[in-house]
Amino acid sequence: MTVSHALEADVLRRQDPELADVLLGERERQSSKLQLIAAENFTSPAVLAALGSPLANKYAEGYPGNRHHGGCEIVDVAERLAVERAKALFGAEHANVQAHSGSSAVLAAYAALLRPGDTVLALGLPYGGHLTHGSPANFSGRWFDFVGYGVDAESGLIDHEQVRTLARTRRPKAIVCGSIAYPRHIDYAFFREVADEAGAHLIADAAHPMGLVAGGVAPSPVPYADIVCATTDKVLRGPRGGMILCGGELAERVDRAVFPFTQGGAQMHTIAAKAVAFGEAATPAFAAYAHQVVANARALAAALAAEGLIVTTGGTDTHLIIADPAPLGVDGRTARGRLAAAGIVLDCCALPHDDGRGLRLGTAAVTTQGMGAREMRFVAGLLASVLRGGTETARAREDVRELAAAFPPYPR
Ligand SMILES: *Cc1c(COP(=O)(O)O)cnc(C)c1O
């Protein structure tokens, strides 16, 4: 915890001890357990400072230089910085940094390119599609006609032939590539080719890999997709929030799809924090971080496979691993509960072509803490031992506490 955060916690403790306990309790939870949730990370103290700044007080509907509210001259600088840094970081002609979340970014992309009722081709939900890729519980499934493609039952890789066939037969208005559970690189050139053939727009929903793209260890969707949607958190390590990248010709449509079509005023404290994160992501230190994230995921995947778990696609190119613990005698849901009791925090997820549930793990947060391949092998051994019943929960919890204490996410 930094000095300024200690002071803020003191202010809160005096005024609202109940809520102060929540903040301190969550900080303790994050720093004493292992955070293997693939979507999570630890933002820097500078990002947290921007989030907790008086920019949170400002109303700023519209865009820099053209706001509906007065007094925006200073926050305009923050948004211009965020936009310029995002464009430079990803080599994009246009960036919109106002989307409140990844889902808001996708909603705006659809609003910019589609009409209700249009057909959209996306990775099916059982194979790792996001809610916004046609879930009946989401606006996307209600307002558009989604057709799902899948992954090959043997390899676990995206079934490119099926994508091509569905694009030819269903003539979608847009094709979405991107997933919440795909551990391999996506072939954006392939999706561009199929989209061109079908006369469809290509939307890359790259929330998960975008930090790896920034760090130069994953291919960029920017040269291929008409619109790229992403979050600024996850591997990118900024504040919870969304962004949209596109070419100059779609800039105005995308901006209007965000405000005024799907959102009101921009959240300037978050946009300032996005600018800080984009600045950090442009440094050699971040490239080294992204490289280590992937090295750690590969080490963790290999060690889990050696312990007998089934790792889908046989490994990973990214920060993300999908593993089936069934050979150890537990299903994903039971495994998640047992591991949580030992302080190992992760998600379970659908397994392609299987009724059971698997585990989804990611290395973005533990890598920010400074852990390396050695720690990943230790974690895999502990995880498997807990699932087999070889290590008692209390003993494992102590091991986790000790490991986490050696790698504090924030300086004490
Ligand atoms: C995380 C994610 C989202 C949604 O982001 P939220 O900020 O939770 O709305 C959308 N699509 C994909 C592919 C994601 O990984």
Side-chain angles (χ1 to χ4, degrees), residues 35-41 43 47 51 96-112 120-135 137-141 144 146 148-151 158 174-186 188 191 202-214 218-222 225 227-245 257-258 262-263 266-267 270-271 273-274 277 293 297 316-322 346-350 352 360-365:
Q35 310 301 331
L36 293 173
I37 291 190
E40 291 184 3
N41 208 334
T43 61
V47 166
L51 280 175
N96 183 301
V97 296
Q98 290 196 4
H100 295 326
S101 69
S103 299
S104 309
V106 177
L107 171 59
Y110 295 166
V120 184
L121 185 57
L123 184 63
L125 268 57
Y127 309 108
H130 185 256
L131 279 171
T132 53
H133 303 172
S135 162
N138 184 262
F139 76 88
S140 55
F144 302 101
F146 268 84
Y149 55 87
V151 299
I158 288 172
I175 299 178
V176 179
C177 57
S179 166
I180 59 167
Y182 195 64
R184 297 296 180 173
H185 293 321
I186 287 177
Y188 298 112
F191 277 97
L202 180 61
I203 299 171
D205 187 8
H208 268 282
M210 221 45 185
L212 301 175
V213 174
S220 174
V222 171
I227 295 182
V228 176
C229 302
T231 54
T232 49
D233 41 286
K234 299 186 182 172
V235 187
L236 192 49
R237 214 160 63 179
R240 288 279 295 111
M243 71 168 165
I244 305 174
L245 306 173
V258 175
T262 57
Q263 291 188 179
Q267 301 193 347
T270 308
I271 288 174
K274 290 173 185 177
V293 165
T316 182
D317 295 331
T318 64
H319 63 299
L320 186 148
I321 299 159
I322 308 294
L346 40 65
D347 294 322
C348 51
C349 68
R360 185 180 74 148
L361 307 85
T363 53

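Treat the numbers as computed from the prediction; the structure is a model and nothing was measured. Values reported hereafter were calculated over all heavy atoms of this structure, with side chains retained and with hydrogens, waters and symmetry mates removed. Ligands are counted one by one from 1 in listed order, and the atoms in each one are counted from 1 as well.
- Nearest to atom 13 (C) of ligand 1 among the protein's heavy atoms is D205 OD2, 3.3 Å.
- Counting heavy atoms from C-beta outward, F191 and V176 have side chains that stay 4.5 Å or more apart.
- With hydrogens and angles left out, the side-chain atoms of T316 and T318 include a donor and acceptor closer than 3.5 Å.
- In summary, the atoms of ligand 1 found under 4.0 Å from a heavy atom of G102, numbered by their order in the structure, are 4 (C), 5 (O), 6 (P), 7 (O), 9 (O).
- Residues V151 and L123 are in side-chain contact: their nearest non-hydrogen atoms beyond the backbone lie under 4.5 Å apart.
- Each of the atoms 5 (O), 7 (O) of ligand 1 lies under 4.0 Å from some heavy atom of T231.
- Taken from OH in Y110 to OG1 in T262, the straight-line distance is 13.0 Å, to the nearest 0.5 Å.
- Per-residue contacts place S101 under 4.0 angstrom from the following atoms of ligand 1 (heavy atoms of the residue considered): 7 (O), 9 (O).
- At least one N/O-N/O distance between R240 and ligand 1 falls below 3.5 Å.
- Side-chain contact annotation: H130 with D205, donor-acceptor N/O pair under 3.5 Å absent.
- Contacts with ligand 1 closer than 4.0 Å are made by backbone heavy atoms (N, CA, C, O) of S179 only, the side chain lying farther away.
- Side-chain contact between K234 and L212 is absent, with no heavy-atom pair separated by less than 4.5 Å.
- Atom 14 (C) of ligand 1 has its closest protein heavy atom at K234 NZ, 3.0 Å.
- Nearest protein neighbour of atom 4 (C) of ligand 1, counting heavy atoms only, is H130 NE2, 3.3 Å.
- Per-residue contacts place S103 under 4.0 angstrom from the following atoms of ligand 1 (heavy atoms of the residue considered): 4 (C), 5 (O), 6 (P), 9 (O).
- Distance check, rounded to the nearest 0.5 Å: CG of L236 to CE of M243 gives 5.5 Å.
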